[in-house]
2 protein chains.
Amino acid sequence: MRTPAELTERFRAQGLKITPQRVAVFDALHDNPTHPTAESVHSAVVARMPTVSLRTVYQTLNDLAEMGEISRLEVGTGSARFDPNVEERHHHLVCESCGMVRDLHVEVAPELGDDVPEGFEVVGAELVVRGRCRSCADKD
Amino acid sequence: MRTPAELTERFRAQGLKITPQRVAVFDALHDNPTHPTAESVHSAVVARMPTVSLRTVYQTLNDLAEMGEISRLEVGTGSARFDPNVEERHHHLVCESCGMVRDLHVEVAPELGDDVPEGFEVVGAELVVRGRCRSCADKD
DNA sequence: CTTTGTGCAAAGCCTTTGCACTCGC
DNA sequence: GCGAGTGCAAAGGCTTTGCACAAAG
């Protein structure tokens, strides 16, 4: 992910305003490998700036996602997850017990051509590997 | 997918009752390649049995999913999609414009071992290929 | 100063659930 | 008959939105 300073630049370039709330969201995402939900980002932000509302967090996350600075994942854990790592092409591993999401750096380059219908423009492909993480497995 | 008659058997074997509503859901799913939402299944069922409620459809779909007779997909199109094809291992192609979901018979067998953490039990892997289908592309 | 952002609370969408009635077994 | 299934409507979780005030450029 870009640094908070770079994001500030990008926002300014788009005519978006720089507010302490937005910077707090940038900070909360920076080098955050946990694939947080909007709710977790909000908690992290509120810890240091108690008045920030969920609305502001959602809006900032959506702005970032539209600018392509983060990506939004739907992995079936109820809420959307946000991934600050958009530079490296990667996939995800999901623990169905605790909802943990982890990056997976595998190359998934199947010969798609064979089964993709004529005229379908492929934009991207996401692999989600599901299972149970060690600490959840240990609990049983 | 199993035939409605086979599903009837399976339901009976589980001590679940056979009702015309449930059979109507079985019929609506049988050999249905559209990956319908709960709502579409409901519409199809209502066409022939106008009093069936969404509740009943959801419950039957959930029962089927728990029994492993259908699978539930979350592909980011808003509502969950139900896939009656659980026999063939396959993946999915999603049109981000119209929400169409199509089966994709590609082998995605990356060497997961390399990047999966110690102790993580892999249950399954789903590939979602996103893009835009021909008829949506033609609209622009 | 004008335009954009913020906070609150209310509404929206999809799905599940509580209750009383009905029906399969 | 008994217990499971059904229909309705209301509630639940996550996300978005309308409004009035505050703040950035």
Side-chain angles (χ1 to χ4, degrees), chain A residues 4-5 7-28 35-43 45-46 48-67 70-82 99 101, chain B residues 4-5 7-26 28 35-43 45-67 70-82 99 101:
Chain A
L7 291 179
T8 297
E9 259 329 295
R10 295 270 285 128
F11 262 59
R12 222 188 289 275
Q14 302 249 333
L16 297 173
K17 297 184 178 169
I18 308 306
T19 63
Q21 291 92 335
R22 288 181 159 179
V23 174
V25 172
F26 300 165
D27 287 343
H35 305 79
T37 61
E39 204 71 59
S40 339
V41 173
H42 182 236
S43 305
V45 166
V46 158
R48 287 198 286 162
M49 194 178 295
T51 66
V52 180
S53 73
L54 243 189
R55 179 201 212 291
T56 300
V57 172
Y58 269 111
Q59 177 164 301
T60 306
L61 291 172
N62 288 342
D63 290 343
L64 284 167
E66 249 170 59
M67 292 165 56
I70 63 177
S71 59
R72 183 199 187 112
L73 312 175
E74 312 270 358
V75 291
T77 50
S79 8
R81 316 289 293 241
F82 294 88
V101 179
Chain B
L7 290 179
T8 297
E9 260 329 295
R10 294 271 283 128
F11 262 57
R12 223 188 288 276
Q14 302 249 334
L16 297 173
K17 297 184 178 167
I18 308 306
T19 63
Q21 291 91 335
R22 288 182 159 179
V23 174
V25 172
F26 299 165
H35 305 78
T37 62
E39 204 71 59
S40 341
V41 173
H42 182 236
S43 304
V45 167
V46 159
R48 285 199 286 161
M49 195 179 293
T51 65
V52 180
S53 72
L54 244 187
R55 180 202 211 292
T56 299
V57 171
Y58 268 111
Q59 176 165 300
T60 306
L61 291 172
N62 287 342
D63 290 342
L64 284 167
E66 250 170 59
M67 292 165 57
I70 63 178
S71 59
R72 183 196 187 115
L73 312 176
E74 311 271 359
V75 292
T77 49
S79 8
R81 315 289 293 242
F82 295 88
V101 179

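Everything numeric in this text was worked out from a predicted model, so none of it was measured. Numbered from 1 within each chain, the chains take letters A, B, ... in sequence-line order.
- Counting to the nearest Å, the C1' atom of D:dA24 and the CD atom of A:Q14 are 17 Å from each other.
- When each of B:E39 and B:L16 is assigned the nucleotide of DNA chain C bearing its nearest heavy atom, the one mapping closer to the 5' terminus is B:E39.
- One atom, NE2 of A:H42, and another, P of C:dG7, lie 8 Å apart when rounded to the nearest Å.
- The side chain of B:Q21 contributes an N or O atom lying less than 4.0 Å from OP1 or OP2 of D:dG7.
- Nearest nucleotide to the A:Y58 side chain, out of D:dT16, D:dT6, C:dT15: D:dT16.
- Distance B:L54 CG to D:dG7 P: 11 Å, rounded to the nearest Å.
- Pairs passing the salt bridge (Lys or Arg N to Asp or Glu O under 4.0 Å) check and including a residue from residues 71-81 of chain A, sequence neighbours excluded, read A:R72-A:E74.
- Put simply, CD on B:E74 is 13 Å from C1' on D:dG13, counting in whole angstrom units.
- Phosphate proximity of C:dG5 to A:T19: absent, as no side-chain N or O sits under 4.0 Å from OP1 or OP2.
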Extract all donor-acceptor atom pairs below 3.5 Å that involve side chains of residues 45-54 of chain B and protein atoms in other chains or at least two apart in sequence.
unit_1	atom_1	unit_2	atom_2	d
B:S53	OG	B:R55	N	3.4
B:S53	OG	B:T56	N	3.4
B:S53	OG	B:T56	OG1	3.4

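- In terms of the side-chain contact (heavy atoms from CB on, under 4.5 Å) criterion, residue partners of A:S71 (sequence neighbours excluded) are, by chain and number, A:L73, A:D83, A:V86.
- Among the nucleotides D:dT16, D:dG7, C:dC25, the one closest to any side-chain atom of B:T51 is D:dG7.
- When the nucleotides C:dG7, D:dG5, C:dG5 are ranked by their closest atom to the side chain of B:K17, D:dG5 comes out on top.
- Taken over five-pair windows at either terminus, the axes of the helix from C:dC1-D:dG25 to C:dC25-D:dG1 are inclined to one another by 30° (rounded to 10 degrees).
- Under the rule for a side chain to side chain donor-acceptor pair (under 3.5 Å), B:R12 has no partner lying at least two apart in sequence or in another chain.
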Give me the distances for all protein-to-nucleotides 18-22 of chain D N/O pairs that come in under 3.5 Å?
unit_1	atom_1	unit_2	atom_2	d
D:dG18	O6	A:R55	NE	2.7
D:dG18	O6	A:R55	NH2	3.0

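- Nearer the 5' end of DNA chain D, as judged by each residue's closest nucleotide, is the contact made by A:S79, out of A:S79 and A:I18.
- For the ring-ring contact (aromatic ring centres under 6.0 Å, His included) test, no residue two or more places apart in sequence or in another chain qualifies with A:F82.
- From B:I18, atom CD1 reaches atom CD of B:E9 across 8.0 Å, with rounding to the nearest 0.5 Å.
- Across the protein-nucleic acid pair, B:Q59 atom CD and C:dC14 atom P stand 21 Å apart, rounded to whole Å.
- What separates CZ of B:F11 from C1' of D:dG3 is a distance of 17 Å, to the nearest Å.
- Partner of A:R22 under the side-chain contact (heavy atoms from CB on, under 4.5 Å) criterion, chosen from A:T8, A:L64, A:T60: A:T60.
- When the side chain to side chain donor-acceptor pair (under 3.5 Å) test is applied to A:D27, no partner is found at least two apart in sequence or on another chain.
- Taking B:Q14 as the reference, B:R10, B:L16, B:M67 meet the side-chain contact (heavy atoms from CB on, under 4.5 Å) condition, with sequence neighbours excluded.
- Across D:dG25, D:dT6, C:dG7, the shortest atom-to-atom separation from the side chain of A:S53 is found for C:dG7.
- Contact between the side-chain N/O atoms of A:R22 and the OP1/OP2 oxygens of C:dT6 is found at a separation under 4.0 Å.
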